[in-house]
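Here's the structure, in structure tokens; my notes come after.
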Amino acid sequence: MNDATVRITVNGQPVEVAEGCSVAAAIARLGVPFRRSVRGEPRQPLCGMGVCFECRVCIDGVAGQRACMLQARTGMQVVTDG
Amino acid sequence: MAERYDVLVVGAGPAGLAAAQAAAGQGARVAVLDAQPRAGGQVWRHDVRHAPSAAAARGIHDGLKPPIEWLAGTSVVAAQGDALLVQTPQAARWLHYGNLVLATGARELLLPFPGWTLPGVVGAGAAQALAKQGWPLAGKRVVVAGSGPLLLAAATTLRAHGAHVVAICEQAEASALRGFAAGLWRWPGKLLQAGRLRLQLAGVPYRGGTVVQRALPAADGCLLRAVGIAGPRGTERLACDMLAVGYGLIPNMELARLLGCATQAFGAHAAVQVDARQHTSLDHVYAAGEACGIGGVDCARIEGAIAGLAAAGAAVPAGLLRRRGHARAFAAALRRTFALRPQVHALASADTLVCRCEDVTLGMLDGHADFRSAKLATRCGMGACQGRICGAALAELGRFPHAGSRPPLFPARLSTLAHAEPAS
Ligand SMILES: Cc1cc2nc3c(=O)[nH]c(=O)nc-3n(C[C@H](O)[C@H](O)[C@H](O)COP(=O)(O)OP(=O)(O)OC[C@H]3O[C@@H](n4cnc5c(N)ncnc54)[C@H](O)[C@@H]3O)c2cc1C
Ligand code: FES
């Protein structure tokens with residue numbers, strides 16, 4: 001629909017996605033876990049709609065943000081917990 | 001600063017948008033808020049690659065048309081008197097209302113089974129939502145599983161985003177599905193929709209009476225590689241990169257519970273109890289759509305319109321009430337058809353994690369009489385999701401009845417909690 005893109009970094013790596021994509025979709029491009037569980041297992045999104053918190057990451061220094069609920073915006077710095 | 005609205009609508013899905021439109025049509029000052037950054041709710045969720053359907057575009061446009069105020073990315077943190085404390089990523093404030101409409105919709109029922117915590121295992125509706133928001137799917141092999149019509153809708157979206165749908169595994173028996181299809185003539189619109197989905201999914205095997213028993217990891221143990229399924233033809237393995245599995249929908253009850261609305265049983269779960277005018281047990285609170293029990297998009301539209309009119313103090317036309325009855329009858333037929341079989345409730349074993357936030361297994365809950373005692377001993381349900389996933393799963397499995405939610409609804413910032421009292 002729209003060719004505009006946004007650029008964010010995930011763990012320091014640049015990622016470019018179409019405008020309107022979620023932060024979760026951008027992280028998925030790298031295939032890294034979003035977080036580690038209490039026992040150290042890698043986890044990725046489960047519910048896709050803000051309920052499960054499996055997608056939580058640190059965005060621009062603020063921890064515990066749900067990547068499935070936020071649109072990627074140019075300049076965002078995302079750090080996964082994996 | 002405190003703002004006041006005649007009608008405040010929580011949830012910008014089909015129900016909330018219809019409520020806002022109806023109330024504004026009566027001259028009420030209306031605001032709609034939603035935790036999501038974009039309006040549309042679940043079924044009309046914005047798709048980054050595909051244009052919305054005409055119904056979605058119209059519904060969203062009409063439901064947010066000025067002077068209706070649209071408060072995007074706004075979540076409810078607490079409630080007191082006739083006010084809600086809400087927060088956006090930037091700020092917190094109190095919103096006062098004359099009447100409140102709860103159109104909080106539904107979420108997926110996600111049930112534990114061996115391997116369900118592996119990256120690559122997501123809900124069925126979740127896969128659809130992730131796809132619409134740009135999750136990379138081109139060339140990915142996906143098994144869609146669980147139960148209900150949402151599996152067909154999810155598979156269609158996944159395909160449209162370039163995924164290869166390996167199979168749709170529906171737990172309901174093929175005989176139940178045939179019986180349901182035979183009764184569809186009573187709802188011609190649904191028949192048409194079902195036919196259209198079947199066409200879009202041409203070539204994808206739809207297997208009745210089939211359950212995903214386990215998700216199997218690749219050699220590194222960290223990524224999904226295949227699923228083990230069991231059906232009328234015995235057990236089998238299907239190689240895949242993603243498993244999209246969901247067992248139907250359950251109402252989002254947090255806000256209704258927080259306010260103290262009376263509820264009614266919805267299977268092992270709860271729904272908001274309403275009267276013919278969508279009025280809850282509380283004086284100034286109405287509810288509409290999936291929050292009142294899963295009814296689908298048409299039902300959500302009708303109930304939203306009724307709630308919006310009632311909340312604005314207007315009369316509700318008899319025709320709307322009749323149409324709601326018809327839509328609810330369809331929902332009841334769906335529920336009978338896709339009732340979960342006991343096999344689904346027995347998928348998790350003692351060493352399967354139920355609480356994903358705190359890594360608590362089903363076996364660790366043995367010996368606890370209720371959710372409260374299990375929580376204190378194991379931390380089950382005490383993590384970031386506040387028991388939303390495991391609480392619903394354990395209720396469905398018949399382990400513990402659902403525990404109520406307490407404010408804050410979602411983790412609030414300390415600066416938000418500093419606004420603890422509404423300014424009147
Ligand atoms: C993941 C998923 C996918 C679905 N896909 C389809 C589909 O493809 N086709 C179909 O016919 N049906 C689908 N459904 C069924 C769908 O729920 C209904 O058809 C329709 O969306 C119901 O409308 P609604 O307005 O009642 O609720 P919803 O559309 O669920 O809207 C509720 C809205 O309320 C918001 N909300 C909830 N609580 C709060 C709160 N406390 N604060 C702020 N905002 C809040 C939510 O963010 C959401 O946007 C899907 C359901 C789910 C859960
Ligand atoms: S994937 Fe569940 S909260 Fe984001």
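Just so it is clear: chains get the letters A, B, ... in the order the sequence lines come, proteins before strands, and each one is counted from 1. Worth knowing before you read on, the calculation uses all heavy atoms, side chains too, and leaves out hydrogens, waters and symmetry mates.
Residue contact with chain B, scored on non-hydrogen atoms closer than 4.5 Å, is absent for A:Gln65. For B:Cys390, no part lies near chain A; criterion is any non-hydrogen pair under 4.5 Å. With a 4.5 Å cut-off on non-hydrogen atoms, B:Ala35 touches chain A through its backbone and its side chain both. B:Gln42 touches chain A through its side chain: at least one heavy atom from C-beta onward sits under 4.5 Å away, while N, CA, C and O do not.
Across all their heavy atoms, A:Arg39 and B:Asp359 have their closest contact at N-OD2, 2.7 Å. Considering every non-hydrogen atom in both B:Arg356 and A:Glu54, the closest pair reads NE-OE2, 2.6 Å. Considering all non-hydrogen atoms of both residues, B:Val48 and A:Glu19 come closest at CG1-O, 4.1 Å. Heavy atoms only, all atoms of each residue included: A:Ala25 and B:Pro136 are closest at O-CD, 3.8 Å. The two residues B:Pro37 and A:Met69 have their closest heavy-atom pair at CD-O, 3.4 Å.
Residues A:Cys21 and B:Gln133 are not in side-chain contact: their nearest non-hydrogen atoms beyond the backbone lie 4.5 Å or more apart. Using a 4.5 Å cut-off on side-chain heavy atoms (C-beta onward), B:Leu130 and A:Pro45 make contact. Using a 4.5 Å cut-off on side-chain heavy atoms (C-beta onward), A:Phe53 and B:Ile389 make no contact. You'll find the side chain of B:Thr117 stays beyond 4.5 Å of the side chain of A:Ser37, heavy atoms only. The side-chain heavy atoms of A:Glu41 and B:Leu353, taken from C-beta on, include a pair separated by under 4.5 Å.
Atom-to-atom distance recorded for B:Glu108:CD and A:Cys52:SG is 10.5 Å, nearest 0.5 angstrom. Interatomic distance, SG of B:Cys357 versus CZ of A:Arg56, reported as 6.0 Å (0.5 Å rounding).
The choice from A:Gly31, A:Gly20, A:Ala28, A:Cys68 that makes the most heavy-atom pairs within less than 4.5 Å of chain B is A:Ala28.
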Would B:Leu110 and A:Cys47 count as a side chain to side chain contact (heavy atoms under 4.5 Å, CB included) if you check the C-alpha gap in whole Å, the side-chain angles of each, and the deciding distance to 0.1 Å? CA-CA 8 Å; B:Leu110 301 165; A:Cys47 75; 4.2 Å; yes
Quick one: do B:Arg45 and A:Met49 satisfy side chain to side chain contact (heavy atoms under 4.5 Å, CB included)? Show the steps, please. CA-CA 10 Å; B:Arg45 182 183 285 277; A:Met49 50 179 288; 3.8 Å; yes
